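Working notes for the structure below.
Please read these numbers as outputs of a predicted model, since none were measured by experiment.
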Amino acid sequence: MTDHLADEIRSAWARFRELNDQLLELALAQGAGDEGATAGLLRRMIGHIQYMGLQLHSDPARPTLINAQYSPWNWGHSNPDTLYLSARIDDEHEYRVYGSVGSVAQTTFGVYAGKDDQAESVKVLSDELTLGDDGSFEIYFGRERRGDTNWYPLPPGADSFCCYQTFGDWDAQSKGRIGIEAVDPDPPADVMSLEQSITAFDAHLAASRDLFTMWIKDIPERVFGALPKNFVIPPMQPPSAMAGAWFVPIAWELADDEAAVIQYDVPPGAPYVGICLTNVWSEMIDIATRQTSLNLAQSQVDDGRVRILLATRDFGVRNWLDARGYRRGVVTWRASTPGQPSTPTFTVIHTSEIGDYFDAAHRVTEDERAEAIRARQRHFAARDTP
């Protein structure tokens with residue numbers, strides 16, 4: 001290797017270091033004062049680098065599915081009940097998605113042009129597809145129609161494919177088998193030159209900056225930061241959300257001696273209902289090791305209503321959302337239902353009032369809590385295994 005080529009590599013790597021120094025400072029500026037989020041920031045930074053490394057190796061002509069919300073790099077106020085599979089695509093190719101649908105509560109397929117909350121998209125529920133008797137399917141996304149069923153247009157500027165598999169019951173349901181390929185793949189690629197490699201690397205740095213900034217600063221400021229604290233808005237359906245899903249994001253903030261009681265009515269016939277915590281970095285919190293989410297199968301339901309305690313300590317309540325280490329963040333309630341569900345309620349209380357809302361019938365022992373956590377760990381180990 002000549003000195004000139006070595007200097008080119010060193011310069012590119014210096015730009016990488018400089019960028020990540022800038023992103024670290026950007027994150028610190030957004031999350032100052034929240035010990036839980038700040039303590040997780042170094043993992044957040046490494047997770048972002050891991051995810052972007054996968055993107056750097058991706059090729060729209062030969063798409064490869066990755067777990068887009070794997071715990072080390074999850075983004076965007078995601079749902080712990082959902083397995084997010086994603087592949088990089090473009091609008092110059094056409095794609096075949098194939099496999100078999102599992103027994104999860106809901107499976108959605110989508111192609112997106114852009115990554116923000118207003119991205120143009122084409123979304124398909126598995127219920128809308130023509131399936132084989134064994135649950136097998138074949139979908140085409142492209143410019144020209146293929147057959148009479150399971151064909152959908154590819155929007156201009158399309159850059160990602162996603163499959164969302166949402167579990168309503170971790171113990172009873174299983175994921176499907178999903179694959180994707182370009183119908184018209186390019187010929188085998190030539191060996192990449194150093195110039196081409198550095199050009200791709202610099203484009204990767206720009207994409208890294210944009211994605212990190214969007215989820216750490218732009219969307220928290222524009223969307224969640226604009227929400228009044230401890231206030232509930234009616235259920236909504238953002239353009240980038242899964243098909244059929246309703247959202248209620250609640251920006252919360254609690255003092256040391258405060259907790260919050262969240263109540264919701266179970267929408268009739270809804271295949272999925274769940275609630276989860278995310279921090280100021282827009283990421284799910286320790287989803288495999290702490291009870292930071294609850295779906296309907298995991299929740300105690302009384303006469304069609306669920307009552308949940310959001311608290312920074314464990315008071316032995318069965319329906320507890322574990323906010324230890326945090327004083328603020330976003331709690332998101334989700335439901336899959338054709339019509340708009342009723343709005344949950346969010347009530348801040350003093351911790352001395354918890355017994356007024358949760359009697360002995362709503363409590364768990366330490367052993368029961370420990371078993372619930374072990375069940376979480378088993379589920380995520382199985383879900384994240386290819």
Side-chain angles (χ1 to χ4, degrees), residues 1-32 37-76 78 84-90 92-93 112-116 119 157-162 182 185-221 279-284 384 386:
M1 179 184 296
T2 67
D3 290 343
H4 171 70
L5 294 180
D7 287 343
E8 289 289 317
I9 293 293
R10 291 190 185 100
S11 295
W13 193 251
R15 292 192 293 275
F16 172 81
R17 294 198 308 268
E18 181 181 4
L19 169 65
N20 284 286
D21 286 345
Q22 293 171 355
L23 297 184
L24 174 63
E25 293 303 322
L26 176 68
L28 288 172
Q30 306 306 310
T38 304
L41 181 53
L42 293 176
R43 289 180 299 168
R44 167 75 278 163
M45 297 294 299
I46 293 298
H48 177 68
I49 293 170
Q50 288 176 294
Y51 176 77
M52 292 308 301
L54 293 175
Q55 296 298 307
L56 180 61
H57 285 276
S58 63
D59 181 355
R62 302 164 187 84
T64 302
L65 289 170
I66 65 170
N67 186 339
Q69 298 298 343
Y70 185 48
S71 184
W73 57 67
N74 72 86
W75 283 110
S78 304
Y84 296 80
L85 298 178
S86 177
R88 183 183 168 206
I89 63 173
D90 60 27
E92 298 179 5
H93 296 84
Y112 297 84
K115 294 180 173 59
D116 65 20
D159 61 7
S160 64
F161 162 82
C162 295
D186 295 339
D190 291 331
V191 177
M192 185 177 288
S193 69
L194 178 60
E195 181 180 3
Q196 290 171 320
S197 176
I198 290 178
T199 298
F201 188 74
D202 285 340
H204 157 82
L205 295 183
S208 176
R209 180 190 301 277
D210 290 346
L211 183 66
F212 194 92
T213 302
M214 181 181 77
W215 283 120
I216 290 293
K217 181 178 184 292
D218 294 346
I219 287 182
E221 284 185 355
N279 64 21
V280 295
W281 311 130
S282 306
E283 65 178 344
M284 301 177 287
D384 293 335

Measure the spacing between [atom1] of [X] and [atom2] of [Y] and express it to the nearest 0.5 Å.
X      : Y      : atom1 : atom2 : value
Thr2   : Glu8   : OG1   : CD    : 9.0 Å
Gln30  : Thr38  : CD    : OG1   : 11.5 Å
Leu85  : Cys162 : CG    : SG    : 9.0 Å
Arg209 : Leu19  : CZ    : CG    : 5.0 Å
Met284 : Asn74  : CE    : CG    : 3.5 Å
Leu56  : Ser58  : CG    : OG    : 7.5 Å

Do [X] and [Y] come within less than 4.5 Å of each other through their side chains, counting heavy atoms only?
X      : Y      : result
Asp210 : Met214 : no
Leu65  : Phe161 : yes
Lys217 : Leu26  : yes
Trp215 : Glu283 : no
Thr64  : His57  : no

Any donor-acceptor pair under 3.5 Å from [X] side chain to [Y] backbone:
X      : Y      : answer
Gln196 : Ser193 : yes
Ser86  : Ala68  : no
Trp281 : Ile216 : no
Asp90  : His93  : yes
Thr199 : Glu195 : yes
Ser11  : Asp7   : yes

Would Asp202 and Arg15 count as a salt bridge (charged side-chain N to carboxylate O under 4.0 Å, His left out) if you check the C-alpha gap in whole Å, the side-chain angles of each, and the deciding distance to 0.1 Å? CA-CA 8 Å; Asp202 285 340; Arg15 292 192 293 275; 3.0 Å; yes
Shortest non-hydrogen contact from [X] to [Y]?
X      : Y      : answer
Ser282 : Pro220 : OG-CG, 3.7 Å
Ala182 : Pro60  : CB-O, 4.4 Å
His204 : Met52  : CE1-O, 3.1 Å
Pro72  : Gln50  : CB-OE1, 3.7 Å
Phe16  : Asn20  : O-ND2, 2.9 Å

Between Trp75 and Tyr70, does the ring centre distance come in under 6.0 Å?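 Not close enough - the centres of the two rings lie 6.0 Å or further apart.
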For the aromatic rings, using the six-membered ring if either is Trp, is the centroid distance between Tyr51 and His48 under 6.0 Å?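 Ring centroids of Tyr51 and His48 are no less than 6.0 Å from each other.
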Would you check, one step at a time, whether the test side chain to side chain contact (heavy atoms under 4.5 Å, CB included) holds for Ile89 with Asp159? CA-CA 5 Å; Ile89 63 173; Asp159 61 7; 5.6 Å; no
Under the criterion side-chain contact (heavy atoms from CB on, under 4.5 Å), which of Ile49, Leu23, Leu24 is the partner of Phe212?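 Among Ile49, Leu23, Leu24, the one meeting side-chain contact (heavy atoms from CB on, under 4.5 Å) with Phe212 is Leu23.
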Evaluate whether atom CG of Asp21 has more than 12 neighbouring non-hydrogen atoms of other residues, nucleotides or ligands under 6.0 angstrom away.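 Yes, the 6.0 Å shell around CG holds more than 12 heavy atoms from other groups.
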